[in-house]
Amino acid sequence: MNTDKQHVVHIGFHASEAHTVDFDADHVTAVMPRASAARLPADLASRFARIAVLDLPDSDDLDTYDRAVDRMRELVGELAAEFGPPAAIVGLYEHTTLPAARLREHFGVPGTNAKTALLCRDKVPMKEALAGTGIRTPRFLAVGPDTGRAELAEFAAGIPGRIVLKPRSQGASIGVRILDGAAELLALAEAGGIEEGYEAEEFVDGSIHHIDGVVRDGETRWFCASRYLDTCFDFQHGTAPLAAVTPDRPELVSRMRAFTETVLSALGLTDSTFHLELFHTPDDELVFLEIGNRFGGAGISWHQREVYGVDLAREAVLACLGRPSELATPATMLDHREVGASGWLYMPAVSGAVRVVAIGGLDELPGSVVGVRTPSVGDVLDAGGMIWATSGGFLVSGESALAVERDMTRIINTYTLETKAGD
C-alpha cells in the first residue's frame, strides 16, 4: 500500500459523480448498500480501493442510511485498518450528508459536523434555528401519532388556509400532502393518519425559488437563484413538467443572496455546496422553505455546469476534502453577463415500463436550447424507483427570463414521445 496517499471514504456514490474523484491521488473507498454498489459500472467500481457494502432495503426512504450509521462505523473502521485512518469522509447526497457528518465526528475528521448536518436535514430544528434572525419561516409544528389533540387544534386554529403535512427529513416532495385546512388536519389525526416524524406547516402562497451555491470559510463563492415554473410536488404527484428559470432582476437577486447568507450563518454551514428553497410572495416578501447541505438534484447540477461552468458536485467533493475551491472569485449568475437568463426543463416520465417508438419536436427546438437529454427510439424507459424520472431534459439560455420561459413553453408544446408498453 502506498503510504503517501490519503484515505478518502465516500458514503454512498453514484456514477454521475465519477468525474469528481481523483482515484490515483488517494485511496478512495466507499460504503454503500449492496444494490447501489451493483448498479455501478464495473470499470468504475474497480477504481475504488474497496467498496464495503451494507445490507439495506433498496428504498426511497432517505433516512435508511442514517439508521445504519452504527454498521457504517464498523465498516469504516475496517477500511481504516486496511488503508489508514480516513483523512476525509465525503457525503454528497441528501441521504448521506448526516451519516457522513456523524462518522466525521467519530473518526476525528474535519468537515461539516453532525449538528449542522442535522439542521440541514430535519425541517423542525432547521426552522427553529432561524428564530431571531429576521428570516420569516412558515408557522410549523412537529407532529406524530401521539401529538395531543388540543395542541394540534391550537396550531390549526392559527392557520387561515391550507396546511402542508410533510416528513421532517425526506426530500423531492416524497410523502408530502397538502390539506384543505384545519378541519382536514384534525380529521386525519382522529383517523390515526399522521405518522411519526412529520411536520405540519402553513401553506405559503408565492413562487418558489431554489438557491444553489458554494460556501467556503463562511464566504459565498457561488450563488445562483432560479424560480420554479411549477413545483416539485406537482411533478412528483401529477403530470406537470418541472422547470426553473433564473431571475434577471438584480435587486431581487441581491435580497435573495443576503437572505441565503443569513440562513447559512445561522445554521453554521461554512464549507459546503447548498440547495435552499424559498418563497417569493405576492407582497414581495421572502419566506424560508428549507435547505440541504448538498448540491441540488433534478436538472440543477447539469444546468450550473453547462451554462455557468460551475461544477457543484466537484465543489462538494473539494469542500469535504478540505481542499481549495476551483472558483477563482465569488460570483453570482448575474456576473455572467453573456447570459441574460437561463434555466432547465424536465418533461414528466411516461408511466410504467415502455419502449420509445418515435420522438417528435426535436427539429423545432428554439435556438436558445444549449443542452438536450432525450431517449432514443428503441430505448426502454422505466420510471419505477426513480426520484427524478423524466422523458426528456433541456437547458435554455436567452436574453431574459421572459424569453427563456417563452421558449420553454414552446418546447413543452412541441416535444412528443410516442411509446408502447412491453418489449
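Each residue takes its place number in the sequence, starting with 1.
Residues R255 and D284 are paired through a salt bridge, judged by an N-O separation under 4.0 Å between the basic side chain and the carboxylate. Comment: E105 does not engage K115 in a salt bridge, judged by the lack of any side-chain N to carboxylate O separation of less than 4.0 angstrom. Using a 4.0 Å cut-off between charged side-chain N and carboxylate O, E74 and R71 make a salt bridge. Remark: D283 does not engage R136 in a salt bridge, criterion side-chain N to carboxylate O under 4.0 Å.
Every residue was checked against the salt bridge (Lys or Arg N to Asp or Glu O under 4.0 Å) condition with R337, not counting sequence neighbours, and none meets it.
Between W344 and H210, the ring-plane angle classifies as tilted under the 30° and 60° cut-offs.
Counting only residues at least two apart or in different chains, salt bridge (charged side-chain N to carboxylate O under 4.0 Å, His left out) contacts with residues 9-19 are absent. Applying the salt bridge (charged side-chain N to carboxylate O under 4.0 Å, His left out) test to every pair with at least one member in residues 34-47, sequence neighbours left out, gives these pairs: R34-D55, R39-D58.
Counting non-hydrogen atoms of neighbouring residues, nucleotides and ligands closer than 6.0 angstrom, the NE2 atom of H336 exceeds 12 such neighbours. Annotation for E154: atom CD does not count as buried by contact number, only 12 or fewer foreign heavy atoms lying within 6.0 Å.
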For residues 310-317, please give each side-chain donor-acceptor pair under 3.5 Å, one per line with the distance, not counting sequence neighbours.
{"residue": "D311", "atom": "OD1", "partner": "H19", "partner atom": "NE2", "Å": "3.4"}
{"residue": "D311", "atom": "OD1", "partner": "A313", "partner atom": "N", "Å": "3.3"}
{"residue": "D311", "atom": "OD1", "partner": "R314", "partner atom": "N", "Å": "3.0"}
{"residue": "D311", "atom": "OD2", "partner": "H19", "partner atom": "NE2", "Å": "2.7"}
{"residue": "R314", "atom": "NE", "partner": "E326", "partner atom": "OE2", "Å": "3.1"}
{"residue": "R314", "atom": "NH1", "partner": "T20", "partner atom": "O", "Å": "2.7"}
{"residue": "R314", "atom": "NH2", "partner": "E326", "partner atom": "OE2", "Å": "3.3"}
{"residue": "E315", "atom": "OE1", "partner": "S325", "partner atom": "OG", "Å": "2.8"}
{"residue": "E315", "atom": "OE2", "partner": "S325", "partner atom": "OG", "Å": "3.4"}
{"residue": "E315", "atom": "OE2", "partner": "E326", "partner atom": "N", "Å": "3.0"}

For residues 243-251, dump all side-chain donor-acceptor pairs below 3.5 Å to protein atoms at least two apart in sequence or in another chain.
{"residue": "T246", "atom": "OG1", "partner": "S342", "partner atom": "N", "Å": "2.9"}
{"residue": "T246", "atom": "OG1", "partner": "S342", "partner atom": "O", "Å": "3.3"}
{"residue": "D248", "atom": "OD2", "partner": "A401", "partner atom": "N", "Å": "2.8"}

I'd like a table of donor-acceptor pairs (distance under 3.5 Å, sequence neighbours excluded) in which one partner is a side-chain atom from residues 187-199, with atom names and distances.
{"residue": "E190", "atom": "OE2", "partner": "R149", "partner atom": "NE", "Å": "3.3"}
{"residue": "E199", "atom": "OE2", "partner": "K127", "partner atom": "NZ", "Å": "2.5"}

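Remark: the S368 side chain and the D407 side chain contain an N/O donor-acceptor pair separated by less than 3.5 Å.
No side-chain heavy atom of H95 sits less than 4.5 Å from a side-chain heavy atom of T64.
Of all heavy-atom pairs between G84 and H7, the closest is O-ND1, 2.7 Å.
Remark: the backbone N or O of L118 is not paired with any side-chain donor or acceptor of D122 at under 3.5 angstrom. Side-chain atoms of S265 never come within 3.5 Å of backbone atoms of E261 as a donor-acceptor pair (strictly under, hydrogens ignored).
F394 and Y415 have their aromatic ring centers within a separation under 6.0 angstrom.
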